[in-house]
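Side chains are part of it too, since the values below use all heavy atoms of this structure and drop only hydrogens, waters and symmetry mates. Labels below follow one simple rule: chain letters A, B, ... track the order of the sequence lines, proteins then strands, and each chain is numbered from 1.
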2 protein chains.
Amino acid sequence: MKIGELSKVTGCSVQTIRHYEKEHLIASAERSEGNFRLYDEAAVEQLLFIKHCRSLDLSLPEIRQLLALNRSPGAQCDDVNRMMDRHIEQVEARIQELTKLNEQLRMLRRSCSNRRTVEQCGILRNLSATPVSSG
Amino acid sequence: MKIGELSKVTGCSVQTIRHYEKEHLIASAERSEGNFRLYDEAAVEQLLFIKHCRSLDLSLPEIRQLLALNRSPGAQCDDVNRMMDRHIEQVEARIQELTKLNEQLRMLRRSCSNRRTVEQCGILRNLSATPVSSG
DNA sequence: GCTTGACTCTATAGTTAATATAGAGTTTAA
DNA sequence: TTAAACTCTATATTAACTATAGAGTCAAGC
Ligand SMILES: [Zn+2]
Ligand SMILES: [Zn+2]
Ligand SMILES: [Zn+2]
Ligand SMILES: [Zn+2]
C-alpha cells in the first residue's frame with residue numbers, strides 16, 4: 001500500500017502521514033525501489049489509533065507516550081490514567097474560560113443596537129473603557 | 001515615555017508592543033536621538049483598548065478593523081456588530097465541541113481503574129477500537 | 001520508445017500571537 | 001570610565017498541520 005491509499009483508508013492527509021513519521025509517531029516506512037513509502041495493515045491500525053486520540057485533542061507527545069505504553073503490555077497503566085485525568089482537567093478548565101468569555105461578549109454585544117454611528121457604538125465605547133471585571 | 005515604561009503601565013510585554021507595531025496595530029512610534037521609541041498617553045489608551053480586545057479573544061485582524069472604525073466616528077457601526085456576532089458564534093461553537101469532547105473523555109476514563117496492566121487497560125483498548133460515535 | 005498524467009519524493013514556508021534569544025548600541029549613575 | 005539597565009534589530013521557537021516548488025517514479029496509450 002502506498003501513501004495515497006493509506007491516506008484514503010485512514011482519512012489522514014498524505015502530508016499528515018509524512019508529518020507523523022517525521023515526529024516518530026509511526027515508524028519509518030519501508031521503501032519501494034523507487035523510494036516510495038510502503039505500508040501494511042498494521043500501519044492502518046496505528047494511524048487510526050492516532051486519529052482517534054487526536055479527535056480527543058490529545059497532543060502528539062501524549063499520543064507518543066500512549067504508543068510507547070502499548071508496546072510494553074505488562075506494565076502498569078497508571079500513567080495512562082493520570083494522563084487522561086490531567087487532560088480532562090485541562091479541557092474542563094478551557095470550557096470554564098470560554099463560558100466566562102461568552103458571558104462578557106454577550107453583555108458587550110447587548111450594549112449596541114444596529115444603525116448607530118461608530119461614535120455612539122456601545123461596543124466600541126465599552127472596549128475603550130476599563131475591562132469588565134471577570135470575577 | 002520609553003517602551004519599558006509603556007510596558008509597565010499597560011501590562012503588555014516590551015516584545016508584544018514591538019510586535020503590535022510591526023503588525024500595524026499601533027502606529028510607528030516617534031524615535032529619540034538614540035533611536036529609542038517614545039510614547040505618549042494616547043499610546044497607553046490604544047494599547048489598553050487592544051489588551052481589552054485580546055482578553056475577549058478577538059484576533060489581531062479583528063482588532064485592526066475595530067481600530068480603523070474608531071478612526072471614522074461618523075460611519076455606521078454595523079460592521080462592529082456583525083463581527084461581534086460572528087465571534088460569539090465561534091466561541092459558542094467551540095464550547096459545544098469541548099463539551100462533547102469532555103463527555104467522551106470521561107466515558108473513556110471510566111473504562112479503566114487503577115492497577116491494571118497496559119494489556120488490560122480499558123482506555124488503551126477503547127482508543128484502539130473504532131472511535132465512539134459523537135452523536 | 002515516447003509522452004502524458006497521476007502519483008510520490010524532499011525541502012521549505014506559512015498559519016497565530018506571542019515569547020525568547022543573540023549581538024549590538026544607548027543611557028544613566030557610580 | 002566602567003558597569004548596569006535599558007533598548008535596538010533580526011531570527012528562532014511554540015502546535016499540528018497545510019501548502020507549495022521542483023524533481024523523480026510509474027503505468028497506460030500511441
Ligand atoms: Zn492533553
Ligand atoms: Zn455598535
Ligand atoms: Zn473572532
Ligand atoms: Zn488503564
Side-chain angles (χ1 to χ4, degrees), chain A residues 1-26 28-39 43 46-67 83 86-87 90-91 94 97-98 101, chain B residues 1-26 28-39 43 46-67 83 86-87 90-91 94 97-98 101:
Chain A
M1 189 187 316
K2 283 184 292 187
I3 198 167
E5 196 183 339
L6 182 62
S7 170
K8 259 184 212 142
V9 171
T10 61
C12 301
S13 80
V14 167
Q15 299 103 300
T16 298
I17 296 171
R18 291 198 197 108
H19 180 65
Y20 286 166
E21 181 181 312
K22 198 191 297 184
E23 296 290 321
H24 303 293
L25 282 157
I26 55 180
S28 291
E30 306 282 307
R31 297 297 181 110
S32 72
E33 278 192 11
N35 198 33
F36 286 8
R37 289 173 179 83
L38 296 177
Y39 298 98
Q46 187 149 6
L47 217 43
L48 288 176
F49 178 92
I50 295 171
K51 204 184 166 196
H52 191 182
C53 291
R54 286 296 300 138
S55 79
L56 296 170
D57 248 12
L58 290 163
S59 68
L60 298 195
E62 280 168 339
I63 297 172
R64 206 180 284 122
Q65 194 181 337
L66 289 178
L67 289 166
M83 177 193 296
R86 219 171 26 239
H87 190 72
Q90 282 169 12
V91 169
R94 184 66 182 146
E97 257 181 48
L98 286 178
L101 197 60
Chain B
M1 190 187 316
K2 282 184 291 185
I3 198 167
E5 197 184 339
L6 182 62
S7 169
K8 258 184 213 142
V9 171
T10 61
C12 300
S13 80
V14 167
Q15 300 104 299
T16 297
I17 296 171
R18 291 198 198 109
H19 179 62
Y20 287 166
E21 181 182 312
K22 196 190 302 183
E23 296 290 320
H24 303 293
L25 282 158
I26 55 181
S28 290
E30 307 280 306
R31 298 296 181 110
S32 72
E33 278 192 11
N35 199 32
F36 286 9
R37 291 174 178 81
L38 296 177
Y39 298 97
Q46 188 150 6
L47 217 43
L48 288 177
F49 178 92
I50 295 172
K51 204 184 167 197
H52 190 182
C53 291
R54 287 294 301 138
S55 79
L56 296 170
D57 247 13
L58 290 163
S59 66
L60 299 195
E62 281 168 338
I63 297 171
R64 206 179 285 123
Q65 192 182 336
L66 289 178
L67 289 166
M83 177 192 296
R86 220 171 25 238
H87 190 72
Q90 281 169 12
V91 169
R94 184 67 182 145
E97 256 181 49
L98 287 177
L101 197 61

In residues 57-67 of chain B, what donor-acceptor pairs under 3.5 Å come from side-chain atoms, sequence neighbours left out?
unit_1, atom_1, unit_2, atom_2, d
B:Ser59, OG, B:Glu62, N, 3.2
B:Ser59, OG, B:Glu62, OE1, 3.3
B:Glu62, OE1, B:Ser59, N, 2.8
B:Arg64, NE, B:Glu23, O, 3.1
B:Arg64, NH2, B:Glu23, O, 3.1

[X]: salt bridge (Lys or Arg N to Asp or Glu O under 4.0 Å) partners, not counting sequence neighbours:
| X | result |
| --- | --- |
| B:Arg37 | B:Glu21 |
| A:Arg86 | none |
| B:Glu30 | none |
| B:Glu5 | none |

Subject >> Terminal helix-axis angle for the helix from C:dG1-D:dC30 to C:dA30-D:dT1, with five pairs defining each axis and rounding to 10 degrees >> reply: 40°
Please give, in whole Å, the distance from [N] [atom2] to [X] [atom1]?
| X | N | atom1 | atom2 | value |
| --- | --- | --- | --- | --- |
| B:Leu58 | C:dA18 | CG | P | 12 Å |
| A:Lys51 | D:dA16 | NZ | P | 17 Å |
| B:Glu30 | D:dT7 | CD | C1' | 17 Å |
| A:Ile26 | D:dC17 | CD1 | C1' | 14 Å |
| B:Glu23 | C:dG14 | CD | C1' | 13 Å |
| A:Ile3 | C:dT10 | CD1 | P | 9 Å |
| A:Leu25 | D:dA16 | CG | C1' | 11 Å |
| A:Glu21 | C:dA11 | CD | P | 12 Å |

Subject >> Side-chain touch A:Leu47/A:Tyr39, heavy atoms, less than 4.5 angstrom >> reply: no
Original post:
Is there a side-chain polar atom (N or O) of A:Arg37 under 4.0 Å from OP1 or OP2 of C:dT8?
Top reply: no
Check side-chain hydrogen bond (donor to acceptor under 3.5 Å, both in side chains) between [X] and all other residues, then give those that pass, not counting sequence neighbours.
| X | result |
| --- | --- |
| B:Ser32 | none |
| B:Thr16 | B:Ser13 |
| A:Ser7 | none |

Considering only nitrogen or oxygen atoms on both sides, find all protein atoms under 3.5 Å from nucleotides 22-28 of chain D and state each distance.
unit_1, atom_1, unit_2, atom_2, d
D:dC26, OP1, A:Gly34, N, 3.2

Subject >> Contact residues, residues 8-20 of chain A to DNA chain D [heavy atom, < 4.0 Å] >> reply: A:Ser13, A:Gln15, A:Thr16, A:His19, A:Tyr20
Subject >> Heavy-atom pair of closest approach, residues A:Leu6 and A:Ala43 >> reply: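 So the two residues come closest at CD1-C, 4.4 Å.
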Subject >> Candidates D:dT11, C:dT12, C:dA17 - which lies nearest the side chain of A:Lys22 >> reply: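 Per side-chain heavy atoms of A:Lys22, the pick is C:dT12.
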**OP:** List for me each residue that meets side-chain contact (heavy atoms from CB on, under 4.5 Å) alongside B:Lys2, sequence neighbours excluded, and say none if there are none.
**Re:**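 Scan of B:Lys2 (side-chain contact (heavy atoms from CB on, under 4.5 Å), adjacent residues dropped) gives B:Phe36, B:Leu38.
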